[in-house]
Amino acid sequence: MAANYAFGPLEDDVIIKHRLLTRTTTTRGEPPLKKLQKKFTSFVVEVEKDEDNYGECEKLSRAFLQELSTFEIPLLKSKAVVGANVREKDNFNELKDDINRQILQAQADIEELKKQLEDSKIERKHKEECEAIRKLIAMQPPRSETQKIITELEREIAALEAENTASSRMLELRRKQFALLLHVVEELQTTLEEDQKSLIEEMLIAAEEQKSGLEDANGGSEAMVVD
C-alpha cells in the first residue's frame, strides 16, 4: 500500500530550503528572520521620529538586540552543526578511503588465497599420487626376495644362453658332418659310376675278345675241312 504524504518530494525540497534560509523549524508561526526584520523596522521607524521618544527607542533597541541574539543562537548552532557535518564528512571520506583500501586489500588477499588454494590442490594431488605409489610399492615383495628372484632369473637366462650356444655349436657340427657325408656320398656315387662304367667296358671288351676268339676258331675248322 502506497504511503500518503502531505507534500510531494519537490515541495519538501522547497520547504526545507525555505526553513534553512528563514531559520524556521515548523510550517506554522512567523519566521525568526521576519520577526527580526519587524523589530529592526520598528526600531528604525521610532528613531526617525522627531518626538522625544528616547525611552521607546531604548525599549525597541533592547527588543531588537534580544531578537538578534535569539536569531544568532540558532546560527551559531547551525555553524557548529555545519562544522560537525564537515568534520563528519571528512571522517566519512577517510573511512570511505580506508574501506576502499581494505576492499582492495581483501581482493588481493582473495586472489592470493585462490592461488594458495590451487597450490594446495596440486600439492594434495601429488600427495595422493605419492600415497598411491607407496601403497603399490608396499604391495610388492621385499627387496631381498626380489633380488633373489632376479638372481635366479639371471642364472636361468645364463643357462639358457649356454644351452643355446651349445645347441648352436652342435647344430654347426651336425651341419658340417652332414655336408661331409654328402660329399662322401657324392664321391662314392662318382666312384661307383666310374667302376660300373669300367666294368661295363671290361665286359664289352671281354665279349668282343670272346667273339673274336670264336670267329677265329670257326675259321680254322673250315680250313681243315677244305684241306
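Below, each value reflects all heavy atoms present in this structure, side chains not excepted, and no hydrogens, waters or symmetry copies.
Classification of Glu131 and Arg134 as a salt-bridged pair holds, one side-chain N sitting under 4.0 Å from a carboxylate O. With respect to Glu193 and Lys197, no salt bridge is recorded, no charged nitrogen being found less than 4.0 Å from a carboxylate O. Between Glu123 and Lys127 there is a salt bridge, since a side-chain N of the basic residue sits under 4.0 Å from a carboxylate O of the acidic one.
Applying the salt bridge (charged side-chain N to carboxylate O under 4.0 Å, His left out) rule to Lys115 yields no partners; only residues at least two apart in sequence or on another chain are considered.
Gln66 CD: 12 or fewer foreign heavy atoms inside a 6.0 Å radius.
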Verify salt bridge (Lys or Arg N to Asp or Glu O under 4.0 Å) between Glu172 and Arg175, making sure each step is shown before the conclusion. CA-CA 5 Å; Glu172 182 66 20; Arg175 187 184 66 78; 2.4 Å; yes
Could you list the donor-acceptor pairs under 3.5 angstrom formed by side chains in residues 101-113, with sequence neighbours left out?
from	atom 1	to	atom 2	distance (Å)
Gln102	NE2	Asp98	OD2	3.3
Gln105	NE2	Asp109	OD1	3.0

Residues 79-95, side-chain donor-acceptor partners within the protein, below 3.5 Å, at least two apart:
from	atom 1	to	atom 2	distance (Å)
Asn85	ND2	Val81	O	3.2
Asn91	ND2	Arg87	O	3.1
Asn93	ND2	Lys89	O	3.3

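Taking CD of Glu118 as the start and NZ of Lys121 as the end, the distance is 5.0 Å to the nearest 0.5 Å. Taking CZ of Arg169 as the start and CG of Leu171 as the end, the distance is 13.0 Å to the nearest 0.5 Å. Atom CD1 of Ile133 sits about 10.5 Å away from atom NE2 of His126, to the nearest 0.5 Å. To the nearest 0.5 Å, atoms OG (Ser198) and CD1 (Ile205) are separated by 9.5 Å. Distance CG/Asp195 to CD/Glu202: 9.5 Å, rounded to 0.5 Å. Here the straight-line distance linking atom OG1 of Thr165 with atom CG of Leu160 works out to 10.5 Å at 0.5 Å rounding.
Clustering of Ile, Leu, Val, Met, Phe, Trp and Tyr by side-chain heavy atoms under 4.5 Å joins Phe178 with Leu182. Members clustered with Leu181: Val185, by chain and number, using a 4.5 Å side-chain heavy-atom cutoff among hydrophobic residues.
The stretch residues 149-158 participates, sequence neighbours left out, in these side chain to side chain donor-acceptor pair (under 3.5 Å) pairs: Glu152-Arg155.
When the side chains of ILVMFWY residues are joined at heavy-atom separations under 4.5 Å, either directly or via intervening members, Leu188 and Leu180 end up in a single hydrophobic cluster.
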